[in-house]
Amino acid sequence: SYTRRFPPNLPKPDATKVRNAIRYSGSASVGPDGVHGLHYRGAPETSTEVLTNCTLALIDPAAPEPPPTFCFARLALPPKKPPTWDEQFSAFIVDEDDTRPLSIHNFHQRIICSSMRDPVREAATAMTHDDQDGFLASTTKRIVSMDSTLHEFARSRTRGGVFLADIVKAFPSLSLVYCTIFLIITQCPIWLATAFRRMYHRVTHVPVSYTHLRAHETREDRVWRVLL
C-alpha cells in the first residue's frame, strides 16, 4: 500500500508570495477574460491586495465557493507528434488521440497557483518516488520542443486550420472524488486540499487555435512556464 504522507506544517500563501507571483507572472497568453500579466504588474499594490484576499478565501474551507466563472479556461489541443499530409483534404492532419489538452486559465488564477508553488514543490518532492524523475525530465523536454515548433509556425506566418474531435474524449479528467480521497488519506493540509478542489471544480473550456498563442514568448519565458 502507499505509505507516503504530506509534510507537516506546509506554509500557506501570503501577501509576499502573491506579490512575487505577480512580479514574475510572465508573458504567456491571456485567458478568456483577456487580462494580461502586464495589467497586474502595472498596479502591483492593488493587485497584491485583491489577489491576496482571493487566495486566502480560496484556501479557507469556511469561505463561500468561488463563482462558476472562476475556473473558466480556453482549451488548446497542440499535437504530440508532427502532423501527416492527407491527400483527400489536401491538408496536414493530427488525430485527436495525438493531441495534448492544455487549459489556458485567466492570469489571476495562474498568479494564485504560483503563490502556492513553494508548499506544492515541497509536497511533490516528498510524495514523488525517485524513479519518476525521468518522466519529469522527458515531459519538460517534450513541452519545450512542442513550443519551439509552434513558434516556427508563427514566424513562418502559417495560417488557417481546422480541428475536428470529440472534446470529451480529448480532454479526459481525473475523478475529483478520487483525488480528494487520496489527499485525505495522505494527510494533505485542509487548506491545500480545499484549494485543489476549488481550482479543479467546474472547469469550463472553450476551444481556441493554438498556433498563435506563444508567438510573443522568448525561449526563457517558455522554460519558466514549464517549470511553474
Side-chain angles (χ1 to χ4, degrees), residues 1-22 24-26 28 51-52 54-63 65-66 70-71 73 75 78 80 97 99-106 108-147 168-205 222-228:
S1 62
Y2 189 81
T3 58
R4 299 196 176 207
R5 298 293 181 265
F6 275 79
N9 304 318
L10 287 175
K12 295 181 180 181
D14 54 24
T16 299
K17 290 184 174 63
V18 171
R19 185 179 295 107
N20 288 335
I22 293 171
Y24 299 108
S25 54
L51 292 183
T52 297
C54 291
T55 303
L56 295 180
L58 190 74
I59 67 176
D60 181 2
E65 292 295 310
F70 180 75
C71 291
L75 173 61
K80 298 178 183 177
D97 291 330
T99 59
R100 180 179 289 105
L102 177 66
S103 294
I104 307 172
H105 288 272
N106 291 321
H108 65 258
Q109 188 170 7
R110 298 182 224 173
I111 290 171
I112 291 174
C113 286
S114 185
S115 72
M116 304 180 195
R117 180 178 56 184
D118 291 341
V120 169
R121 181 193 290 120
E122 182 180 344
T125 301
M127 302 291 285
T128 305
H129 195 276
D130 293 340
D131 292 341
Q132 293 175 291
D133 288 346
F135 170 78
L136 179 61
S138 62
T139 300
T140 302
K141 181 179 179 180
R142 284 197 299 270
I143 294 175
V144 173
S145 174
M146 177 183 67
D147 268 359
V168 175
K169 181 179 179 181
F171 197 78
S173 298
L174 277 174
S175 167
L176 187 62
V177 175
Y178 174 87
C179 292
T180 301
I181 293 174
F182 173 81
L183 293 177
I184 293 173
I185 292 175
T186 53
Q187 300 175 6
C188 177
I190 296 299
W191 70 265
L192 185 56
T194 300
F196 171 83
R197 179 182 62 79
R198 288 173 171 171
M199 285 288 188
Y200 286 91
H201 184 50
R202 294 182 300 187
V203 176
T204 305
H205 290 89
R222 299 200 301 275
V223 172
W224 273 109
R225 177 165 48 76
V226 169
L227 294 177
L228 293 179

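We use all heavy atoms of the structure for the numbers below, so side chains are in, but hydrogens, waters and symmetry mates are not. The first residue in the sequence is number 1, and the count goes up from there. All values derive from a computational prediction rather than experimental measurement.
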- Would you name the heavy atoms of Trp191 and Pro11 that are closest together and state the gap between them? CZ2-O, 3.4 Å
- Hey, what do you get for CD (Gln109) to CZ (Arg198), rounding to the nearest 0.5 Å? 13.0 Å
- Message: side chain to side chain contact (heavy atoms under 4.5 Å, CB included) for Leu192 and Val120? Distances and angles first, verdict last.
- Response: CA-CA 9 Å; Leu192 185 56; Val120 169; 4.2 Å; yes
- Query: Looking at CD1 of Ile184 and SG of Cys179, how far apart are the two atoms once the value is rounded to the nearest 0.5 Å?
  - Reply: 11.5 Å
- Message: As an exercise, state the distance from OG1 of Thr194 to CG of Leu183, rounded to the nearest 0.5 Å.
- Response: 10.0 Å
- Item | Non-hydrogen side-chain atoms of His105 and Ile112 separated by less than 4.5 Å | no
- Query: Should Arg4 and Thr186 be marked as a side chain to side chain contact (heavy atoms under 4.5 Å, CB included) after you check the CA-CA gap, both sets of side-chain angles, and the distance that decides it?
  - Reply: CA-CA 7 Å; Arg4 299 196 176 207; Thr186 53; over 6 Å; no
- Between SG on residue Cys54 and CZ on residue Phe70, distance to nearest 0.5 Å: 7.0 Å
- Query: Which pair of non-hydrogen atoms, one from Leu56 and one from Pro13, has the smallest distance, and what is that distance?
  - Reply: CD2-O, 3.8 Å
- Task: Test Ser114 against Tyr24 for side chain to side chain contact (heavy atoms under 4.5 Å, CB included), laying out the working first.
- Result: CA-CA 9 Å; Ser114 185; Tyr24 299 108; over 6 Å; no
- Of all heavy-atom pairs linking Ala57 and Ala63, the shortest is O-CB, 3.3 Å
- Query: So, do Lys12 and Pro119 sit near enough that their side-chain heavy atoms are less than 4.5 Å apart?
  - Reply: no
- Heavy-atom nearest pair, Ala15 first then Thr52, reads CA-OG1, 3.5 Å
- Calculate, to the nearest 0.5 Å, the distance between atoms CE and CD1 belonging to Met116 and Ile111 respectively. 12.5 Å
- Quick check: does any side chain N or O of Arg5 sit under 3.5 Å from a backbone N or O of Gln187, one acting as donor and the other as acceptor? no
- Task: Can you measure from CZ (Arg19) to CG (Asp14) and round to the nearest 0.5 angstrom?
- Result: 9.0 Å
- Within-4.5 Å side-chain heavy-atom neighbours: Met199 and Cys113: yes
- Task: Tell me, with the steps shown, if Lys17 and Asn20 meet side chain to side chain contact (heavy atoms under 4.5 Å, CB included).
- Result: CA-CA 5 Å; Lys17 290 184 174 63; Asn20 288 335; 5.7 Å; no
- Message: On a heavy-atom basis, which atom in Cys188 and which in Ala193 lie closest, and how many Å separate them?
- Response: SG-N, 3.7 Å
